[in-house]
Each structure stands twice: as structure tokens, then as C-alpha cells.
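Chain identifiers are assigned alphabetically (A, B, ...) following the order of the sequence lines, protein sequences preceding nucleic acid strands; residue numbering begins at 1 within each chain.
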Protein chains: 2
Amino acid sequence: MRRTTIHDVARAAGVSVATVSKAINGRDGVAAATLAHVLSVVDELGYESSLVATSMRRHRTNVIGVLVAEFEPFALQLLSGVSTALQGTRYDVLAYAGSISAGEHRGWERRSLSRLGGTLIDGAIIVTPTSTPPETSVPIVAIDPHAGPDGPATVSVINLDGARAATEHLVSLGHRRIAHLRGRTDLESAQQREKGYRSALEDAGIRFDPTLVADGGYRTADSTAGAHALLELPEPPTAVFAANDLSAIEMIRVAAEHGLRVPDDLSVIGFDDIPNAAAHTPQLTTVRQPLPEMGAAAVRVLLTMLDGGEYEHVRMPAELVVRESTAPPRA
Amino acid sequence: MRRTTIHDVARAAGVSVATVSKAINGRDGVAAATLAHVLSVVDELGYESSLVATSMRRHRTNVIGVLVAEFEPFALQLLSGVSTALQGTRYDVLAYAGSISAGEHRGWERRSLSRLGGTLIDGAIIVTPTSTPPETSVPIVAIDPHAGPDGPATVSVINLDGARAATEHLVSLGHRRIAHLRGRTDLESAQQREKGYRSALEDAGIRFDPTLVADGGYRTADSTAGAHALLELPEPPTAVFAANDLSAIEMIRVAAEHGLRVPDDLSVIGFDDIPNAAAHTPQLTTVRQPLPEMGAAAVRVLLTMLDGGEYEHVRMPAELVVRESTAPPRA
DNA sequence: CTGTTAGCGCTTTCAT
DNA sequence: ATGAAAGCGCTAACAG
């Protein structure tokens, strides 16, 4: 079954494809009678122009791309905000997970951008890119940007303050041996969170112990080893600040494997406040990022850029949310 | 800044575009030396072929489309499952919310399908379509299908049993005046859930009262009026079975406006078990749909179809999850 | 082994 | 007011 093309419409209406194109796009130079007739045929045949073909000729599609490495909860929440913010505008959203078939994780955003940009999408919102995107054919804004030299537009939370708040919360509960399961170290967010952790320790007069920092990479699977390592330390921590909720949840799972209960035997705090954080047992204490709002902010910046406006760096506050996974250390 | 095209590569490498194309796609008929040279230029220039242009010529893109009306939690969870299931295959995922700019909700899937199908995506997974999709140029599978005559492939939960379980749960707590905030009545799922509700009432010897059924439409905004109507009845219900979690949550919000607390003054049960259900206060009692698994099932069916296999109707069990939003009626 | 050519579905000058 | 033709970036015959 072949799709209906503009040629089919033209043939059925007894006019040329050029006329059909004009009729559909409201260009003038079409007689009222012809217009009505063509549109009725379009309707009858259920014709819709191919996004691909249109995109190729006209260099504008009215679709915004959200480029992600994979559809994990963080990206999904952002997407939800982006989608809501785009209601009532002339733009549709298209979300693309470009690293799935590629296998290769690094550089996925460049690949996606090259494949979609300039055609198909008018602008892109890139989530957690693995590098600072190069000058591209379309405007882009990065959410949770790479740590390299500042690319144009970014939206992120004030990670340093968020991490400080998390660590201070643990300190205030009486913990002294506080570990950090860190994030994807190529991202600015992970670097800032580690920095916030260290600075809060310092302020509390706690000596920084490098053996208490393990890699989590922001992903469940990448956190397992680090979580084990932390708990198998000769002198294990009584609390851990995980760089995001996914690794916090994995931390808790691994702790259970070691016979440790949270928060009784170990306090765990995360970062992000994905929907799963509050749904988890125990409910996760975390630092909330206003994900939908960040998505909306990215849309705002991007639309401004598409209208020829200036780019911007948006920073939003992160907020400590105390729930059940943190408690004072055992006596 | 223009995007790098195959012409740029050809020029830089001093060969024709045809040769570049062959080199990139591993076709034979290219000398080893030429191949190496071309690939090095490709690398240097950071060239990636345009998905759009490729799609137009070759009628295959290795991308699967997930078509949704909007990115709400239900679709997002499904997307997550789809994405995971596609790992390790040669397919990428592209999610498209086609009704955003259109404004018009009805028929969004036909529009999306026409715009993307045949080009851009090799197959589509359509979430809650507003009609039975017509024979199309690409294989499709519908999740939570329309109630019309069966289109080819579908994936859904056994809604009737799920709804019965929900209603029976309410009955077993001692409720007799049980309302139903129903879903999008054009969907099979909503019809089956209402049917399950009525059949469970009947089995319990409770006379069906049509004034206890209000419209919710599966969306927060569409549930508000129905929720109010139910509570303003001369003889209001003591429990309500909301057709999905979004409307259950709205039901609870409206109840609070009426000074009613859940579950003390009113029991509310939802359907779906979106992440927010467990995160809500009070935690929502609901009927769980295995959303990620359903997404994965849809992928499996679609890949089979893409390989020339037969379509299938997958039905999965729904499971009652008792949490905090239901309790016995007040004495 | 390499290049020339046609054409995917559409929009846009430019003739008529 | 209408249509013929060129061309967006690419691939697949086909010639050389």
C-alpha cells in the first residue's frame, strides 16, 4: 500500500501538482473554485503532505527536536515539560533517542544533530550531551550541559548549591562518614555536585576522604560496582550522597544485598526527584530539579533564538526534599 | 551555518558523490585506497547523512516511530519500554506528538502517520488512537486501541478483569454507592472498564445507577467537571472507580475542594499505576498495567511484522495494587 | 572501479 | 490563474 502523494491528489483533481501545493499552503494565485475543489479532493483522499519531502524543499518544518541518549526518567520528565510548553505554538515535538542502535554512547548528540538538523527539525533541545555541540545548522539549547567550554544556550539547575544542601542535610543528621556516588564526570552537573559535596564537608570540618568517592555515572547499571565498593570499604560510610536518583535507588538495592537497611543502617540521598523517588520504598530523600519547568525554559529560550533573539543561560534553583531514606546514624 | 552534505565530502575528497555514498554504505565497487580516503574525509568533516534525504531515496530508515497524542505519563512509560526493548536492535526510536500544533485532537494519528509513514519511519507504534488506523504504508501496532473494528495488531491489558477487580475491591470494603469516572469512551479500554464496573456491581447485587457515571476522558482537565458532578449529587457516592490514575488524582483534588478527605470520607481507585500513583499523597490504590512490558510487546510484534511475519493481538493481565486511597466507608 | 543520471515528494520561481 | 521545470540531499541503476 503506497502512501497518497501530491501527485495522486493532482491527478484526482485534474490539476497540476503545483496548484495542489499552492492550495494546501494557502498561497495565492489559485481561483476560489479550484481551491475549494482541490481541498475537497485532499479531504476525500485523506492526504497529508510528507514531512520528509516538505522538509527537504522548504527549510522549515515547525518541529522541535528533543535529542536524548535514551529515554530514562530524567529525559522523560523534561520531555513532558517541553511538550506542555509547546502547546498552542505552531511547533510539534519530536523526541529522538539516537544512541540506541549506534551502540556507541559517546557523541550521540552530534550524530543525531547531523542526521536531523537542517532538515526535519528547526531547532533542538539536547539532554545531557557528551560534548559541547559544535556550531550547527539549527539553534540548540542544552539541558544539563557538558562541562566543556560553554556552548551557546543552556538550562540547568544550580548544582553546586543543591549538592551542598544534600550534604549539609546528612551532616546535620550527625553523619561524618559521608560517601559520594558520583555522576557522569564529563557533565558539568556531576562536577559541580562533587564540588558541592566537598565544600560542604569542608565547611563542616570533615576531612575529605577520596576513598569515599565512587563512580555511578548517573545510570543504574553503572552504579552497581561503585555501590558495592563503598560498602565493602574497611570503614564503610554511614551515609551516601548519590549524584542522582537512579544511582541512589541502586545504592539502596545494593545495600539490601549487604544486609543493610535504609535509613536505619545507611542514609541515602539522591538528586533529581524523578517520579520514582517518591514512589520508592523507602521514599527517597533527594534534591529536586524542576524538570518540567526546565523543559519549558528550554522551549522559551529556543523559540527566542528561532525568532532571531539572543541565547541565554538559564539557572534554576534546586530544592532539598526530605523523605524517608535519611536518618541519624546508628549510635 | 549550512550542514555538511555529501557534496562537501565529495568535493573535499576529490571524488563523485556516488563514490562517497558507496563508501559510506559499504557497497562494493570502491577501491580500498579510495574507501579509506573517503572515510577519513567523512570523519574529518564530521559528516552524517541526512536522515531525511536518505529516507526519501531508500525506503528504509531503521527508525521506529512512537506516535502519541501528547506526552502524558501513560505514553511516557510505554515509550520507556519501547526504547529499552529496541536496545541492541538496529532500530532507533523517534517519538512524535502530532496533535500539539494541530489543536484538533481527533484524527491526530492519521495525520502523524501520513506525515511520517512511508518515509522517515519503518513502522509505528500508536498509543491510544482516536480511530482504527486505515491500511497504511507501514506496519503499525496500536496500544490501547480504538474501539472500532479490529485493526491489525494491538497490545492491551485485559481491561474488563482489571475493572472488575477494582470494583470488587471497593465492594469488599463495604461500599455500595460506587461511582465511575469513565475514560475516553471511543477507546475499547474505557468501554471495557465501564463494562467490568457494571458487571462487578451486578455480581454484588448492587443496582446500577446511571447518575453515578460521569465523564473523565482519561485526562486531568476533562475530569474536573465530572468529579464535581459526582460529589454534588443529592446522594453522593462513598467510593469512586476512576478510569485512570490521572482522573483518580483529579478526583481526589476535587474531593478536597469539597472538604472531603481520601480515604476517610471517600475512597478512590485508579487504573494504570503511572509512577505518580505511588508518589501521590495519599498513595493511590490502582490497577496496574505493565506499561514497559506492553511497550516491549509492541516492539516484538512490530519487528515480527517488519520481518514479514504475522500480526498479533497481545493481551496482558492487569493487577490490583492496594495502597492508601481506599478504605471502608464511614459508619 | 568510478562517474553520470534519474528520481524519491514536495515547493517555488518562471513562463504561459 | 495555471503548469513546467528545477532542485532540496541522497542512492541506485547504468555507462564508461
**Message:** Once hydrogens and angles are ignored, does a donor-acceptor distance under 3.5 Å link the base of dG9(C) to the side chain of R57(A)?
**Reply:** no
**Complete:** Against the side chain of R3(B), the closest entry in dC10(C), dT4(C), dG9(D) is dG9(D)
**Message:** It should be established whether R27(B) places a side-chain nitrogen or oxygen under 4.0 Å from OP1 or OP2 of nucleotide dA12(D).
**Reply:** yes
**Asked** Can you tell me how far C1' of dC8(C) sits from CD1 of I6(B), to the nearest Å?
**Response** 15 Å
**Prompt:** Looking across every strand, which nucleic acid part, if any, lies under 4.0 Å from N25(A) by heavy atom: base, sugar-phosphate, or nothing?
**Reply:** sugar-phosphate
**Asked** Side-chain N or O of T34(A) less than 4.0 angstrom from OP1 or OP2 on dT2(D)?
**Response** yes
**Prompt:** How many Å lie between CZ on R11(A) and C1' on dG9(C), as a whole number?
**Reply:** 13 Å
**Request:** Give the nucleotide from the list dC8(D), dG3(D), dG9(D) with an atom nearest to the side chain of A53(B).
**Result:** dG9(D)
**Message:** Classify A31(A) by what it touches in the nucleic acid, base, sugar-phosphate, or nothing, heavy-atom distance under 4.0 Å.
**Reply:** sugar-phosphate
**Atom-to-atom span, CZ of R58(B) to C1' of dA13(D) - whole angstrom** = 15 Å
**Prompt:** D28(A) has an atom CG; how far is it from atom P of dT12(C), in whole Å?
**Reply:** 12 Å
**Message:** Just the rounded figure in Å: distance from P of dT2(C) to CG of L35(B).
**Reply:** 10 Å
**Request:** Answer yes when R219(B) and E70(B) have at least one side-chain N-carboxylate O distance shorter than 4.0 Å, and no when they do not.
**Result:** yes
**Backbone N/O of L120(A) and side chain of T61(A): donor-acceptor pair under 3.5 Å** = yes
**Prompt:** How do G29(B) and H59(B) order along DNA chain C: which one's closest nucleotide is nearer the 5' end?
**Reply:** G29(B)
**Item:** Carboxylate-amine/guanidinium contact R111(A) D92(B), below 4.0 Å
**Value:** yes
**Request:** Indicate whether the side chain of R110(B) and that of S131(B) have a donor and an acceptor atom separated by less than 3.5 Å.
**Result:** no
**Request:** For the residue pair Y311(A) and V141(A), establish whether any side-chain heavy-atom pair is separated by less than 4.5 Å.
**Result:** no
**Prompt:** In whole angstroms, how far is the C1' atom of dT11(C) from the CG atom of L51(A)?
**Reply:** 14 Å
**Request:** Could you check how far CZ of R60(A) sits from C1' of dC8(D), rounded to whole Å?
**Result:** 17 Å
**Fill in**
Atom NE2 of H7(B) and atom C1' of dG7(D) are separated, to the nearest Å, by 11 Å
**Request:** Would you indicate which nucleotide in dT4(C), dC10(C), dC10(D) comes nearest to any side-chain atom of A18(B)?
**Result:** dT4(C)
**Prompt:** Looking only at heavy atoms, which two atoms of M294(B) and V157(B) are closest? And how far apart?
**Reply:** CE-N, 3.9 Å
**Message:** Looking at dG9(C), I'd like to know if its phosphate oxygens (OP1 or OP2) sit under 4.0 Å from a side-chain N or O belonging to S50(A).
**Reply:** no
**Request:** Verify the contact: side-chain N or O of T19(B) to OP1 or OP2 of dG3(C), cut-off strictly under 4.0 Å; return yes or no.
**Result:** yes
**Message:** Need one value for V52(A): base, sugar-phosphate or nothing, where a base atom within 4.0 Å counts as base even if backbone is also close, heavy atoms only.
**Reply:** nothing
**Fill in**
Note: for K22(A) and S21(B) on DNA chain D, the residue whose nearest nucleotide lies more 5' is K22(A)
